[in-house]
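Chain letters run A, B, ... following the sequence lines, proteins first, then strands; residues in each count from 1.
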2 protein chains.
Amino acid sequence: MDLSERQLQILQAIITDYVENAEPVGSRSIAKKYDLGVSPATIRNEMSDLEEMGYLTHPHTSAGRVPSDKAYRLYVNTLMQKKNLSAKDKRMINDRLAASRDEFDRTIRHAAELLSEITNLASFAMTPATNEEQISFIRLLPVDRGTIILMIVGESGNVTNTTLRLNVPYTQEALDLLSKNMTVNYKGRTLDDVLKSEIIEDVGSDIEAMSQLKGNVMPSFIRTLEDMLNVNLYMEGMTNIFDLPEYSSIDRARDFMELFAQKDWFTQKMLARGEGVVVTIGDENDTMKDCTLITASYHVDGKLVGKIGVIGPTRMKYDEVTSIMEYLTNNLSETFRLVDNTNNTEDEG
Amino acid sequence: MDLSERQLQILQAIITDYVENAEPVGSRSIAKKYDLGVSPATIRNEMSDLEEMGYLTHPHTSAGRVPSDKAYRLYVNTLMQKKNLSAKDKRMINDRLAASRDEFDRTIRHAAELLSEITNLASFAMTPATNEEQISFIRLLPVDRGTIILMIVGESGNVTNTTLRLNVPYTQEALDLLSKNMTVNYKGRTLDDVLKSEIIEDVGSDIEAMSQLKGNVMPSFIRTLEDMLNVNLYMEGMTNIFDLPEYSSIDRARDFMELFAQKDWFTQKMLARGEGVVVTIGDENDTMKDCTLITASYHVDGKLVGKIGVIGPTRMKYDEVTSIMEYLTNNLSETFRLVDNTNNTEDEG
DNA sequence: GTTAGCACTCGTCACATCAGAGTGCTAATC
DNA sequence: GATTAGCACTCTGATGTGACGAGTGCTAAC
């Protein structure tokens, strides 16, 4: 059932050609362009066999062959070779990421931009999922008589805040006490842990005013924690796909765009994917069955995991795209490793 | 040069018909559907005159007439009558906005959703521009040895924060002093005012540690203020336009989608538009010359101004869309009037 | 001023035709 | 037995043609 060396060569040639030109490739053009030392007729015979094995398909009798999902899968798993990025691309990535390195979200957005610019595909990047982040402290700050700010700070410096309208007056003393008690109670626990525990722990009622305040604050506390879990999703180059013949029909293009309209759904899907470079081709996806989706993960301080990805037709340059993504995620992880180790670097000396 | 009563009637009929069916309308169908008491031939003569005056165009000899931008402008300015929203739509708007009223950004997003759902066009909503917002206080909070949080709070409870990496150690005392001095210095000033003043005021150097800290914090302070100015833009129903015959060509659809890819540019454009319901039709726009853009503004506490809008082909139901937008912005302004007066309401009693 | 009548224009649709690309098979060749 | 040349066959896409219908614009009659 294994493919012969020649079959592999022919398959690779067909994939290369089809990825390049987006048109079914015939036996004659393979024979001419790729020096396989055999005639078109022989190639035709092999093609016929490859089709029988499910690696090729046939739009109609008198058209050339088109690689199937199975062929791309074989290509990605065994045929494909890592590509070296051009010096220009490397420089572009390095420069652009370095330029915004102290502003986390902007760096992530730049990563998405770079990815779509270099690959000419639709891309996205998202900030890390923070389920595992530990709470560092909780602070309540007064704004005016009826309004306070609830602020939750994570260990990595991740901050979320909500403005709360209270229906009872508060005292500064109660505010401080409640902040302190909440911090004592939750410090060091992960967001996931707190959100999963069914009971909202009592944080004490040292004084009367605090007890009232607590009633106001605690429900919002949970909602704010949930907010903190939300990842930011940056999408770029959506309109790139209009240039591809695969999406030249308005219906195809619409389906594609609609995928991204549902950001929440999309985010969930992407979070659920494994770490490292993950390629899912055509039918391997449960939605977008005629797309290929490639994701890769970067790390923040070795712990939190963020994702970047591209979406395009199954016909794409797998070798280039995966190489770029690998380079990009390595760069991101490196950038954010430094960020979070600031207090251990020579800067402090 | 004024149009006769009959010409206006015919023009209105043509607009109504064309908006409904998206097909050039002929003299016969006008005569049949709208009881004007004249024959098709007469209508043809009037149409010819209207075309000469620039209110109608002619795709080709044997096609019916199509309203020009000028015709729509006339319609919007003088012919159009306010539409009453259906009870269903009103209820939908009220319910959906009420459901999220204490979470500002979510309410805004819901407004955009409602707008696209009811009009079947692409819509957006943005949070208020906060140039005029006054700074309430500034706070510096420690995270770990080399990291602090800079937090700026506006009068309306609007909060922005940045996580800063320092290259010198800090003391709690310096942090507190700097917070306090910065607050004293900037409290009550508007963001616009602070950002426009060329000199960064000296906030004093009461102790040595503070002077060093200051050098680290002040540059980020400006950048954080700028962040605070950023409005959030929510877009909905982009894919609605694929259903319209105007965008059935892939190129048109692409142009349309590309407009929205540049969020920053788009935001600036929208901020620059006047308050109230503003309609710009076709050529009146400097980009998207074949679209109509309708924006409307809502108020937060009578001061800050946010915008909602729809974008579609010039062929749209101007009367319905403007009425919906008016209703929606009134509702939003009402909602946010209450929000920001909390501390004056009976809740406090 | 209005209208009926009619010639004319233009776009669309269905249909036929033709060239080109590519296959699949058979028989000849290595 | 594998490879190849040759050829009939298939299908697409481009091009052309004619009929049809919608709608105008003009003229002459009302």
Side-chain angles (χ1 to χ4, degrees), chain A residues 3-11 13-18 20-68 71 245-246 248-249, chain B residues 2-11 13-18 20-68 71 245-246 248-250:
Chain A
L3 298 183
S4 72
E5 189 56 35
R6 193 170 66 190
Q7 285 177 323
L8 287 175
Q9 277 179 358
I10 292 174
L11 190 56
I14 293 174
I15 291 175
T16 307
D17 205 83
Y18 184 69
E20 185 71 34
N21 305 310
E23 260 160 38
V25 3
S27 53
R28 219 175 87 87
S29 66
I30 291 289
K32 257 205 300 198
K33 283 196 239 172
Y34 305 84
D35 197 21
L36 302 179
V38 287
S39 76
T42 310
I43 295 177
R44 271 206 293 286
N45 289 333
E46 297 284 29
M47 278 172 144
S48 185
D49 291 349
L50 284 167
E51 179 161 6
E52 211 170 317
M53 289 186 270
Y55 291 103
L56 296 175
T57 55
H58 224 182
H60 58 263
T61 338
S62 69
R65 298 310 210 289
V66 170
S68 66
E246 277 85 351
S248 62
S249 109
Chain B
D2 264 9
L3 298 183
S4 71
E5 188 57 35
R6 194 170 66 189
Q7 285 176 323
L8 288 175
Q9 278 178 358
I10 291 173
L11 190 57
I14 293 174
I15 292 175
T16 308
D17 204 83
Y18 184 68
E20 183 72 33
N21 304 311
E23 261 159 38
V25 3
S27 54
R28 220 176 86 86
S29 66
I30 292 289
K32 258 205 300 197
K33 284 198 236 171
Y34 306 84
D35 197 21
L36 302 179
V38 287
S39 77
T42 309
I43 294 177
R44 270 205 295 284
N45 290 332
E46 297 283 30
M47 278 171 145
S48 184
D49 292 348
L50 284 167
E51 179 161 8
E52 212 170 317
M53 288 187 272
Y55 291 105
L56 296 176
T57 55
H58 224 181
H60 58 265
T61 340
S62 69
R65 298 311 209 289
V66 170
S68 67
E246 277 85 352
S248 62
S249 110
I250 205 86

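Here the nucleotide nearest the side chain of B/Ser39, chosen from C/dT23, C/dT3, D/dC11, is C/dT3. Set against D/dC11, C/dT2, D/dT24, the side chain of A/His60 has D/dC11 as its closest nucleotide. Of the candidates C/dG24, C/dG20, D/dG25, the closest approach to any side-chain atom of A/Ser62 belongs to C/dG20. If you check C/dT3, C/dG20, D/dG25 against the side chain of B/Ala41, the one that comes closest is C/dT3. Each of C/dT3, D/dT3, C/dG24 was ranked by its minimum atom distance to the side chain of A/Thr42; first place goes to D/dT3. Nearest nucleotide to the A/Arg44 side chain, out of D/dT4, C/dT23, D/dG25: C/dT23.
Straight-line distance from the CD atom of B/Gln7 to the C1' atom of C/dG1: 14 Å, rounded to whole Å. Between the P atom of D/dT24 and the CG atom of B/Leu56 lies a distance of 10 Å, rounded to the nearest Å. Rounded to whole angstrom, the span from the CZ atom of A/Arg65 across to the P atom of C/dG22 amounts to 12 Å. In this structure, B/Asp49 atom CG and D/dT24 atom P are separated by 14 Å, rounded to whole Å. Atom C1' of nucleotide C/dG20 and atom CD of A/Glu23 are separated by 13 Å, given to the nearest angstrom. If you take CD1 of B/Ile43 and C1' of D/dG25, they are 15 Å apart, rounded to a whole angstrom. Here the P atom of nucleotide D/dT24 and the CD1 atom of B/Ile10 are 12 Å apart, to the nearest Å. Atom CG of B/Leu36 is separated from atom C1' of C/dT2 by 14 Å (rounded to the nearest Å).
The salt bridge (charged side-chain N to carboxylate O under 4.0 Å, His left out) pairs that include a residue from residues 46-62 of chain A are A/Arg6-A/Glu46, A/Glu51-A/Arg65, where partners are two or more places apart or lie in different chains.
In this structure, A/Val38 and A/Ala31 approach most closely via the heavy-atom pair O-CB, 4.2 Å. Closest of all the heavy-atom pairs between A/Thr57 and A/Ser68 is CG2-CB, 4.4 Å.
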Show the atom names and distances, to 0.1 Å, of all donor-acceptor pairs under 3.5 Å that link a side chain in residues 20-30 of chain B to residues at least two apart or in another chain.
{"from": "B/Asn21", "atom 1": "ND2", "to": "B/Asp17", "atom 2": "O", "distance (Å)": "3.3"}
{"from": "B/Asn21", "atom 1": "ND2", "to": "B/Asp17", "atom 2": "OD2", "distance (Å)": "3.3"}
{"from": "B/Ser27", "atom 1": "OG", "to": "B/Arg44", "atom 2": "NH1", "distance (Å)": "3.2"}
{"from": "B/Ser29", "atom 1": "OG", "to": "B/Gly26", "atom 2": "O", "distance (Å)": "3.1"}

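Taking side-chain N and O atoms only, A/Arg6 has a distance below 4.0 Å to OP1 or OP2 of D/dT3.
Residue A/Thr61 is in sugar-phosphate contact alone, with no base atom involved, counting any heavy-atom pair closer than 4.0 Å across all strands shown.
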